[in-house]
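Everything below concerns the one structure shown next.
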Amino acid sequence: MIKAIYGTKDILPEDILKWTHLENLVRNVMGSFNYKEIRTPVFEETRLFARGIGEATDIVSKEMYTFNDRSDNSVTLKPEMTAAVVRSFIEHKMDKKQMLNKMFYISPMFRQERPQAGRLRQFHQFGAEALGSDSPQLDAEMIIMPYDIITSLGLKNIVVKINSLGVPESRENYKNVLKDYLAPHLNDLSEESRKRFETNILRIFDSKAENDQKIMEDAPLLIEHLDNASLEHFEGVKRTLLEAGIPFEIDPKLVRGLDYYTHTTFEIVSGSVGSQSALCGGGRYNLLVEQLGGKPAPGIGFAAGIERILLACENEESLKLPDDSLDLFVVDINRDNAELVSKLSLFFRRKGLTVEHDYAARSVKAQMREANRSNAKFTIMVGGDELERNEIVLKTMETGDQKSFNIDNLQSVFETMRG
RNA sequence: GUGGGUGUAGCUCAGUUGGUUAGAGCGUCUGGUUGUGGCCCAGAAGGCCGUGGGUUCAAAUCCCAUCACUCACCCCA
């Protein structure tokens, strides 16, 4: 049996309503903030991600689906969206068309990691990018939008965490402060953290090793070493969030893994999924556009994991899905009127109703059972004496009431069903 | 890449200290008279017991290997 590739999943018809429900919500909320959808190719030149995300990051160094195509060009299935959107922004000179470009996306992503709860090799994100402004109100928007979406789905068990990484200069100064603090403890740190002491010292805050955490508890914090402009920006973000009624925590240890972040970083985590608890993450990246060869432009964005959000919804049983059950089931009483049944169904389908009928000339009982099981609101019965009199029978399933109509007056049948 | 757990019907799972034709519930299909659903009743279909090897008179059951799935670490959405 050929099966779906390790770490990928079919989204089956029985689950699709959850997905379209979420996607519609995303489009509505993003639309209300005037974000326009962008769709980029699923694969890009490998160097886009290598340069954009950072060679040293886990994503680039060990998780990308990279392969050579038949022309021997190295291409990569997109592991995240920001680099691709920024590439498109630069390529299409969007900065010349308008000073602020607000875009959102819903798209599959690919990372070759070990799958677990809330993590797949092909997974799906929605997110947004805003390029061309460093207004703190935009930072806040990037938190408000996913927050509103997530809470609209009924999720309760969530926490919004924010932090600021400031600008590179103050971060470099801080790194030296942190180095001075950690140097005497170096031998007590875990091996991984000792490596990070050299490569990416900020990430030691992420360590889950107990002893590392104990050491980091008393470590000086980046937020205490921000320059004034960064602090003022951060204050602006916080004020806007408070005004928006978004509850948040400041997490000075929230250090995102991707190289391109500056200033604000944030995460929305859920207590209702497994250990992969981040439903959403993002931050400001004022240096990325330049780094990818564009004219310098500030940017900010977020990405949210659709599978994780839906998982949280399932665990909290929070989803209220729209009804997609049948309006009408057309029953063929004599089991020899397939064409007439098909024609009647078409009439109501073209009126916008969801209509089904049997295709196997099964017994009336079986057809009724199916109508019942598919939760049809009405059935129409075709055949027998009534048909000889040129009539059909409309039955209201909930009450069992039946009423005859002339077959040439389907419009009044429709109006009766619509109420 | 590193650990742990689990593989029996479409789904959820039973299956005694190894012992005859491998079970239940749910679901599916058919029927309980001639043209009517839900409840109830009856019946049917559907399993190389993940795969390969070994031990044994005998393996779903014990041993080994392998594959798959899954959770966690790492990291991230």
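Worth saying up front: this structure is predicted, and the values here are computed from it rather than measured. First the proteins, then the strands, lettered A, B, ... as listed; each starts at 1. The analysis underlying the following values was restricted to heavy atoms, covering all of them including side chains, and did not include hydrogens, waters or symmetry mates.
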Exercise. Would a distance-only check, ignoring hydrogens and angles, find a side-chain to backbone donor-acceptor pair under 3.5 Å from A/Thr262 to A/Asn286?
Worked result: yes
Exercise. Can you tell me if the side-chain N/O atoms of A/Gln125 get under 4.0 Å from OP1 or OP2 in B/A77?
Worked result: no
Exercise. Is the side chain of A/Lys78 donor-acceptor paired with the backbone N or O of A/Ala84 at a distance under 3.5 Å, no angle test?
Worked result: no
For this session: With heavy atoms under 4.0 Å as the rule, sort A/Gly118 into base, sugar-phosphate or nothing.
Result: base
For this session: Identify which nucleotide among B/C74, B/U28, B/U30 has an atom closest to any side-chain atom of A/Ala366, counting heavy atoms from C-beta outward.
Result: B/U30
Exercise. Does A/Ser363 have a side-chain nitrogen or oxygen under 4.0 Å from the phosphate oxygens OP1 or OP2 of B/G31?
Worked result: yes
Seminar exercise, completed: Of the listed B/C29, B/A72, B/U36, the closest approach to the A/Ser275 side chain comes from B/A72
For this session: Kindly indicate whether the side chain of A/Arg369 and the base of B/C29 share any N or O donor-acceptor pair separated by less than 3.5 Å?
Result: no
Seminar exercise, completed: RNA chain B in dot-bracket form (Watson-Crick or G-U pairs under 3.5 Å, [ ] crossing, | inter-strand) is (((((((..((((.....[...)))).(((((.......))))).....(((((..]....))))))))))))....
Problem set entry | Heavy-atom side-chain proximity of A/Phe43 to A/Asp69 below 4.5 angstrom | no
For this session: Would you check if the side chain of A/Asn406 reaches a backbone N or O of A/Asp408 as a donor-acceptor pair within less than 3.5 Å?
Result: yes
Exercise. Of all the nucleotides listed (B/U36, B/G38, B/C71), which has the minimum atom distance to the side chain of A/Lys395?
Worked result: B/U36
Exercise. Atom CD of A/Glu370 and atom P of B/G37: how far apart are they, to the nearest Å?
Worked result: 14 Å
For this session: Assign A/Ile333 to base, sugar-phosphate, or nothing according to its heavy-atom contacts below 4.0 angstrom with the strands shown.
Result: base
Problem set entry | nucleotides 1-6 of chain B: protein proximity per nucleotide (B base, S sugar-phosphate only, - neither; heavy atom, under 4.0 Å) | BB----
Exercise. Taking atom P of B/U36 as reference, at what distance in whole Å does atom CD of A/Glu386 sit?
Worked result: 12 Å
For this session: With rounding to the nearest 0.5 Å, note down the distance linking CZ in A/Phe405 to CG in A/Leu410.
Result: 10.0 Å
Exercise. Does A/Lys9 make a side-chain N or O approach to OP1 or OP2 of B/U70 shorter than 4.0 Å?
Worked result: yes
Exercise. Would you say A/Gln116 reaches B/C73's phosphate, i.e. side-chain N/O to OP1/OP2 under 4.0 Å?
Worked result: yes
For this session: Specify whether A/His233 and A/His263 have parallel, tilted or perpendicular ring planes, treating 30° as the upper limit for parallel and 60° as the lower limit for perpendicular.
Result: tilted
Seminar exercise, completed: d(A/Ile306 CD1, A/Ser107 OG) to nearest 0.5 Å is 9.0 Å
For this session: Whole angstrom is fine here: how far is it from CD1 in A/Ile106 over to C1' in B/A77?
Result: 15 Å
For this session: Please determine if a side-chain N or O atom of A/Arg373 lies less than 4.0 Å away from the OP1 or OP2 oxygen of B/C29.
Result: yes
For this session: Report the nucleotide, chosen from B/A68, B/A72, B/A77, that has the shortest atom-to-atom distance to any side-chain atom of A/Tyr261.
Result: B/A77
For this session: Kindly say whether A/Leu326 contributes a backbone atom to a donor-acceptor pair with the side chain of A/Ser374 at under 3.5 angstrom?
Result: no
Exercise. Any side-chain N or O of A/Gln276 less than 4.0 Å from the OP1 or OP2 oxygen of B/C73?
Worked result: yes
For this session: Going 5' to 3' through nucleotides 42-50 of chain B, assign each nucleotide B (protein heavy atom under 4.0 Å from a base atom), S (under 4.0 Å only from sugar-phosphate atoms) or - (no protein heavy atom that close).
Result: ---------
Problem set entry | Pairwise P distance for B/A59 and B/C41, with rounding to whole Å | 39 Å
Problem set entry | Interatomic distance where CE belongs to A/Met368 and P belongs to B/U30 [whole Å] | 15 Å
